[in-house]
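Accompanying notes for the structure given below.
Here is the naming used below: chain letters follow the sequence lines, and residue numbers restart at 1 for every chain. Predicted model only: the values in this text are computed from it and were never measured.
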Amino acid sequence: KAGVTQTPRYLIKTRGQQVTLSCSPISGHRSVSWYQQTPGQGLQFLFEYFSETQRNKGNFPGRFSGRQFSNSRSEMNVSTLELGDSALYLCASKPPASNYEQYFGPGTRLTVT
Amino acid sequence: SQQGEEDPQALSIQEGENATMNCSYKTSINNLQWYRQNSGRGLVHLILIRSNEREKHSGRLRVTLDTSKKSSSLLITASRAADTASYFCATVLTTDSWGKLQFGAGTQVVVTP
């Protein structure tokens with residue numbers, strides 16, 4: 001099976017712009033989660049989607065949003081970018097069964113200037 | 001604040017030695033997972049241990065879980081230069097959805113040939 005793919009891999013944006021990141025999960029995985037990784041805050045959970053519904057949300061401002069499509073692909077959007085949004089954004093998918101590990105994509109490296 | 005705290009923050013060993021890192025967490029969990037990350041890339045799942053398990057093995061990896069102390073340890077035996085990476089513990093809380101991982105700050109392991 002193909003792994004989790006994320007596009008784009010690298011992105012440079014200017015403060016105030018908005019950005020959309022994409023994630024394609026492993027075939028058959030309906031749960032997709034997003035994480036932000038920064039040197040200062042480490043790995044932080046953003047949100048989880050399951051069958052097109054947001055099942056859980058982390059402690060991030062409303063500028064961070066996401067959605068999931070019927071084919072389980074997911075996108076996350078960050079509006080009005082701030083310098084502090086510079087981070088590695090990781091997407092992960094997991095099998096339908098509950099007590100299983102997550103499979104991570106390679107991440108999107110976002111730099112805000 | 002992060003759910004897990006890892007100890008040590010950094011570890012430097014020689015090939016062939018064992019590496020042990022510890023993780024403590026604060027609240028009740030469904031499972032605890034260990035991941036590896038090489039140089040800012042995506043996370044690779046190593047092992048998952050459920051809350052009703054005490055020990056698990058996978059190749060050169062051994063994980064223990066003590067729910068009474070809310071702690072876990074990861075042992076890598078006979079380490080290799082290729083084991084150089086950051087290692088993270090992550091928990092799924094009983095109060096959360098299965099797709100939400102809460103990560104520790106990580107242990108940076110350097111294995112010198």
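- Here A:Glu82 pairs with A:Arg63 in a salt bridge; the nearest charged N to carboxylate O distance falls below 4.0 Å.
- Open room surrounds CD on B:Gln9; 12 or fewer heavy atoms of other groups in view lie less than 6.0 Å from it.
- B:Phe88 has its side chain within reach of A:Leu43: a pair of non-hydrogen atoms, C-beta onward, lies under 4.5 Å apart.
- Below 30°, between 30° and 60°, or above 60°: for A:His29 and A:Tyr103 the angle between ring planes is between 30° and 60°, a tilted geometry.
- Contact annotation for A:Gln37: only side-chain heavy atoms (C-beta onward) come within less than 4.5 Å of a heavy atom of chain B.
- At a heavy-atom separation below 4.5 angstrom, chain A is approached by B:Leu48, B:Arg50 within residues 46-54 of chain B.
- Taking the centre of each ring, A:Tyr35 and B:Phe103 come in below the 6.0 Å mark.
- Between A:Phe64 and A:Phe47, the distance from one ring center to the other does not fall under 6.0 angstrom.
- Judged as a side-chain hydrogen bond (donor to acceptor under 3.5 Å, both in side chains), the pairs with a partner in residues 11-20 of chain A (not counting sequence neighbours) are, in order, A:Thr20-A:Asn77.
- Using a 4.5 Å heavy-atom cut-off against chain A, no residue of residues 60-87 of chain B qualifies as contacting.
- In the displayed structure, A:Arg73 atom CZ is contacted under 6.0 Å by more than 12 heavy atoms of other residues, nucleotides or ligands.
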| field | CA sep, side-chain torsions, deciding dist, call: A:Glu48, A:Arg55, salt bridge (Lys or Arg N to Asp or Glu O under 4.0 Å) | value | CA-CA 6 Å; A:Glu48 179 199 1; A:Arg55 193 147 69 170; 2.8 Å; yes

For residues 106-113 of chain B, dump all side-chain donor-acceptor pairs below 3.5 Å to protein atoms at least two apart in sequence or in another chain.
unit_1	atom_1	unit_2	atom_2	d
B:Thr107	OG1	B:Pro8	O	2.6
B:Thr112	OG1	B:Ile13	O	3.2

